[in-house]
Amino acid sequence: LANRHDLACVNLRCSLIEDSGVALLVEALAYNPYMTLLDLTANRLGEGGMRCISTLLLRNTELSTLVLEGNALDAAAIKPLAEALTGGTKLVSLNLRANVIGDDGAALLGNGLLKNTFLTQLDLTGNDITAQ
């Protein structure tokens with residue numbers, strides 16, 4: 001992947017990728033000027049992996065769609081992503097469906113989005129978020 005700078009869509013759904021694998025993936029994809037979609041649905045991401053993905057968002061300014069559905073992400077794992085959303089990311093669509101973000105994670109995301117002018121689609125379906 002490191003030598004393929006022309007990939008627009010990277011789909012690694014259900015690939016059993018853990019945090020260490022995400023670190024390698026981010027290293028390979030960080031400066032791909034054409035990648036617009038990264039789908040990591042149903043892997044095994046945690047806080048460390050999310051820190052790596054947050055780094056990717058800040059390095060790769062063309063990434064517009066990120067799918068992290070079904071990774072059992074909790075508030076601690078969401079924190080680095082929420083922080084990255086305040087930075088220079090141009091992410092337009094973020095799918096966090098079917099995780100365990102909860103109210104605390106939703107609050108972190110909300111704070112991260114206060115300064116974000118790019119994100120127009122956010123899916124938080126099935127995340128144990130109450131109406132608070």
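Residue numbers run from 1 in the order of the sequence given.
- How far CG of N95 is from CG of L40: 11.5 Å, rounded to the nearest 0.5 Å.
- Under the 3.5 Å distance criterion, the side-chain polar atoms of D39 are left unmatched by any main-chain donor or acceptor of N11.
- In terms of heavy atoms, M35 sits closest to V10 at SD-CG2, 3.6 Å.
- The shortest side-chain heavy-atom distance between L94 and L119 falls under the 4.5 Å cut-off.
- When all heavy atoms of A77 and G46 are compared, the pair lying nearest together is CB-C, 4.0 Å.
- By the 4.5 Å heavy-atom criterion applied to side chains, I53 and L66 are counted as neighbours.
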(message) For N43 and E18: C-alpha separation, side-chain torsions, deciding distance, then whether side-chain contact (heavy atoms from CB on, under 4.5 Å) applies.
(response) CA-CA 7 Å; N43 281 286; E18 296 180 344; over 6 Å; no

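- Within a 6.0 Å radius of CG in N111, more than 12 heavy atoms belonging to other residues, nucleotides or ligands are found.
- Closest non-hydrogen pair, A84 versus S54, comes out as CB-CB, 3.7 Å.
- For the atom pair CG of D123 and CG of L68, the computed distance is 11.5 Å after rounding to the nearest 0.5 Å.
- To the nearest 0.5 Å, atoms CG (L114) and CG (L109) are separated by 11.0 Å.
- To the nearest 0.5 Å, the span separating CG on D74 from CD1 on I101 amounts to 9.0 Å.
- Closest of all the heavy-atom pairs between T61 and L58 is CG2-O, 4.3 Å.
- Of all heavy-atom pairs between A76 and E47, the closest is O-CG, 3.6 Å.
- Atom CG in L96 sits 10.0 Å away from atom OG1 in T125 (nearest 0.5 Å).
- Taking 4.5 Å as the limit, every side-chain heavy atom of T89 sits out of range of all side-chain heavy atoms of R59.
- Cluster annotation: V67 is not connected to L85 through the hydrophobic network of ILVMFWY side chains, with a link wherever side-chain heavy atoms come within less than 4.5 Å.
- Tracing side-chain contacts under 4.5 Å through hydrophobic residues (I, L, V, M, F, W, Y), one reaches L81 starting from L113; they form part of the same cluster.
- Rounding to the nearest 0.5 Å places CG of L45 at 12.5 Å from CZ of R51.
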(request) Please report the C-alpha distance between L29 and N60 in whole Å, then the side-chain angles of each, then the deciding distance to 0.1 Å, and finally whether the side-chain contact (heavy atoms from CB on, under 4.5 Å) criterion is met. (result) CA-CA 8 Å; L29 296 175; N60 184 321; 5.7 Å; no

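- For the pair D103 (side chain) and I129 (backbone), a donor-acceptor distance under 3.5 Å is absent.
- No side-chain donor-acceptor contact under 3.5 Å links T41 and E69.
- No continuous path of ILVMFWY side-chain contacts below 4.5 Å connects L108 to L91, so the two sit in separate hydrophobic clusters.
- Between L7 and N32 there is a side-chain heavy-atom pair separated by less than 4.5 Å.
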(message) Applying side-chain contact (heavy atoms from CB on, under 4.5 Å) to L38 and T65, what does each step give before you reach the verdict?
(response) CA-CA 6 Å; L38 177 59; T65 303; over 6 Å; no

(request) Could you walk me through whether L57 and L63 pass the side-chain contact (heavy atoms from CB on, under 4.5 Å) test, one step at a time? (result) CA-CA 7 Å; L57 288 174; L63 185 63; 3.6 Å; yes

